[in-house]
Amino acid sequence: MAEEPHGTWFGFGFRGFGQALGSGRGCQAVLSPEPLRAGGHIRGVSASWSYTALMTCGGRVELSGYASGEASDCRDVWASEGLVVVLRAGPGSLEELQGWAPSSALRGEPLWAQTALVPEAEAQREDPPEGDGPATKLPLLPGSRAHLSPQPPFRQPLAPELQARQLDLGNEHVLLLCAAGQVFSWGGGRHGQLGHGTLEAELEPRMLEALQGLRMAQVAAGGWHSVCVSETGDIYTWGWNESGQLALPARSLAEDEETVTWEGTGELYTWGWGKYGQLGHKDSASSDRPCRVEYFVEKQLQVKAVTCGPWNTYVYAVERRADT
């Protein structure tokens, strides 16, 4: 089997606080993808509104933007406006979860810390080689029996019968994908982001009846909208569509009946609000239909992972092989 080529993280969109987003120093927005710069090969990215956290393969976390600083011996990081959470290695099968104020520069003592038990299979898994692709575990904690909360209590247990496989947090809601491929949601529902056919909040995980019987492979929670991808590659969206973020016609945008044609594997398509160039189309226009980001086609790059911040986007891509 051919070895997977080493890849690069790219960024585009809002950088008004100086967060890592390519070489666009001094400008508020980067309108087209640019390679990120860090003190080592980047393994993963977590983006908040005013700053970005970069995770390197060497185990270092770097914060850039309104919050800055760095920490070593890290396994993972999760960034939000009120909290930076770092996962660090501990003795044996233990890891320590630390919560920091973004303004702390990751120095001194954390706001709180607690240990997390890593399942044997994960404890034996080696870290990826230098330059390898993205990996992330937060906010679903090791063992998939609990998830991270930015408010006390910081570790929230999940019902054992859920057997969580993936969990994603929006501004006011949570999406959970269970091992059986079913989607659960809870939290605020005032924009329809829970997908239960109402605008009511849900205090406990509730399965989406509209998707029952369809096995999902991934879920993602936007600010007030939700997306999931089925195991057969179909995309389902629901929630707020004010800027076309559901890839459905939006009243705020000019109607256009042009048909979208998907042209190949590993290509990136973006849509929604684009004021700061976060769609990567070299402009600040919004769109209510998927449009291909031509940069990666022109550079012969295959997109492997995407991380969306509130107003910017980070993409991991590798050189495209001749047979793809």
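Counting from 1, the numbers follow the sequence of the chain as shown.
Looking at residues two or more places apart in sequence or on another chain, you find a salt bridge (charged side-chain N to carboxylate O under 4.0 Å, His left out) between E202 and R206. Every salt bridge (charged side-chain N to carboxylate O under 4.0 Å, His left out) that E231 has, sequence neighbours left out, goes to R215. Take W238 and apply the ring-ring contact (aromatic ring centres under 6.0 Å, His included) test, not counting sequence neighbours, and it matches no residue. Among residues two or more places apart in sequence or in another chain, the ring-ring contact (aromatic ring centres under 6.0 Å, His included) test is passed with F12 by none. Among residues two or more places apart in sequence or in another chain, the salt bridge (charged side-chain N to carboxylate O under 4.0 Å, His left out) test is passed with E294 by R292.
A donor-acceptor contact shorter than 3.5 Å links the side chain of Q193 to the backbone of G188. Counting only distance, with no hydrogens or angles, the side chain of Y316 and the backbone of G7 share a donor-acceptor pair below 3.5 Å. The closest donor-acceptor contact from the side chain of E62 to the backbone of S68 lies at 3.5 Å or more, if one exists at all. Here the side chain of D288 pairs no donor or acceptor atom with the backbone of A247 at under 3.5 angstrom.
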Report the C-alpha separation of E81 and S48 in whole Å, then their side-chain angles, then the decisive distance to 0.1 Å, and conclude whether the side chain to side chain donor-acceptor pair (under 3.5 Å) test is met.
CA-CA 6 Å; E81 282 303 291; S48 186; 2.5 Å; yes
Please test V30 against S32 for side chain to side chain contact (heavy atoms under 4.5 Å, CB included), starting from the C-alpha separation and ending with a verdict.
CA-CA 6 Å; V30 176; S32 184; 5.7 Å; no
Between F10 and Y295, does a ring-ring contact (aromatic ring centres under 6.0 Å, His included) hold up when you go through it step by step?
CA-CA 11 Å; F10 298 81; Y295 175 91; 5.7 Å; yes
Kindly indicate, with the supporting measurements, whether the criterion ring-ring contact (aromatic ring centres under 6.0 Å, His included) is fulfilled by Y314 and W9.
CA-CA 7 Å; Y314 295 89; W9 279 93; 7.3 Å; no
L211 and M216: CA distance, side-chain angles, deciding distance, side chain to side chain contact (heavy atoms under 4.5 Å, CB included) verdict
CA-CA 9 Å; L211 298 177; M216 297 297 145; 3.9 Å; yes
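Residues in residues 193-215 take part in no ring pair (Phe, Tyr, Trp, His ring centres under 6.0 Å) pair, two or more places apart or across chains. Sorted by first and then second residue, the ring pair (Phe, Tyr, Trp, His ring centres under 6.0 Å) pairs involving residues 61-87 (not counting sequence neighbours) are F17-Y66. Listed by first and then second residue, the salt bridge (Lys or Arg N to Asp or Glu O under 4.0 Å) pairs involving residues 173-190 are E172-R190 (not counting sequence neighbours).
L246 forms part of a hydrophobic cluster together with L248, judged by ILVMFWY side-chain heavy-atom separations under 4.5 Å. Clustering of Ile, Leu, Val, Met, Phe, Trp and Tyr by side-chain heavy atoms under 4.5 Å joins W224 with W240. Listed by chain and number, the hydrophobic cluster partners of V297 come to none, as no ILVMFWY side chain reaches under 4.5 Å of it. In the hydrophobic clustering, L279 connects to no other residue, as no ILVMFWY side-chain heavy atoms lie under 4.5 Å from its own.
Note on ring orientation: taking the six-membered ring where Trp is involved, the planes of W273 and W311 are perpendicular (angle over 60°, cut-offs 30° and 60°).
The 12-atom threshold is not exceeded at CG of D73, counting heavy atoms of other residues, nucleotides or ligands nearer than 6.0 Å.
Side-chain contact between S185 and L176 is absent, with no heavy-atom pair separated by less than 4.5 Å. Between L138 and L140 there is no side-chain heavy-atom pair separated by less than 4.5 Å. Within the 4.5 Å cutoff, the side chain of S46 has no heavy atoms near those of the T307 side chain. A 4.5 Å side-chain heavy-atom check between L158 and R145 finds every atom pair outside the cut-off.
Rounded to the nearest 0.5 Å, atoms CG (L106) and CD (E70) are 9.0 Å apart. Atom CD in Q182 sits 9.0 Å away from atom CG in L208 (nearest 0.5 Å). Taking SG of C228 as the start and CG of L214 as the end, the distance is 8.5 Å to the nearest 0.5 Å.
A chain of hydrophobic side-chain contacts below 4.5 Å, direct or via other Ile, Leu, Val, Met, Phe, Trp or Tyr residues, connects L148 to F184. Both V303 and I42 belong to a single network of hydrophobic side chains, linked directly or stepwise wherever heavy atoms of I, L, V, M, F, W or Y lie under 4.5 Å apart. V219 and V174 are assigned to two separate hydrophobic clusters, defined by single-linkage of ILVMFWY side chains at heavy-atom distances under 4.5 Å. F154 and V85 fall within the same hydrophobic cluster, where Ile, Leu, Val, Met, Phe, Trp and Tyr residues are linked whenever their side-chain heavy atoms come under 4.5 Å apart, directly or through other members. There is a path of hydrophobic side-chain contacts, each under 4.5 Å, that joins F296 to L21.
Closest of all the heavy-atom pairs between G274 and S286 is N-OG, 3.1 Å. Closest non-hydrogen pair, L111 versus W100, comes out as CD1-C, 3.8 Å. When all heavy atoms are compared, the tightest approach of A29 to R15 is N-CG, 4.2 Å. Annotation for E242 and A250: closest pair O-CB, 4.1 Å, computed over non-hydrogen atoms.
Under the 3.5 Å distance criterion, with hydrogens and angles disregarded, no donor-acceptor pair is assigned to the side chains of Q278 and T313. A donor and an acceptor atom, one from each side chain of T56 and H41, are nowhere located under 3.5 Å apart. When only modelled atom types and interatomic distance are considered, Q163 and E161 share no side-chain donor-acceptor pair under 3.5 Å. Under the 3.5 Å distance criterion, with hydrogens and angles disregarded, no donor-acceptor pair is assigned to the side chains of Q114 and W112. Counting only N and O atoms by type, the side chains of H225 and T237 include no donor and acceptor under 3.5 Å apart.
Contact check on R88 versus E95 returns no salt bridge, with no Lys/Arg side-chain nitrogen under 4.0 Å from an Asp/Glu carboxylate oxygen.
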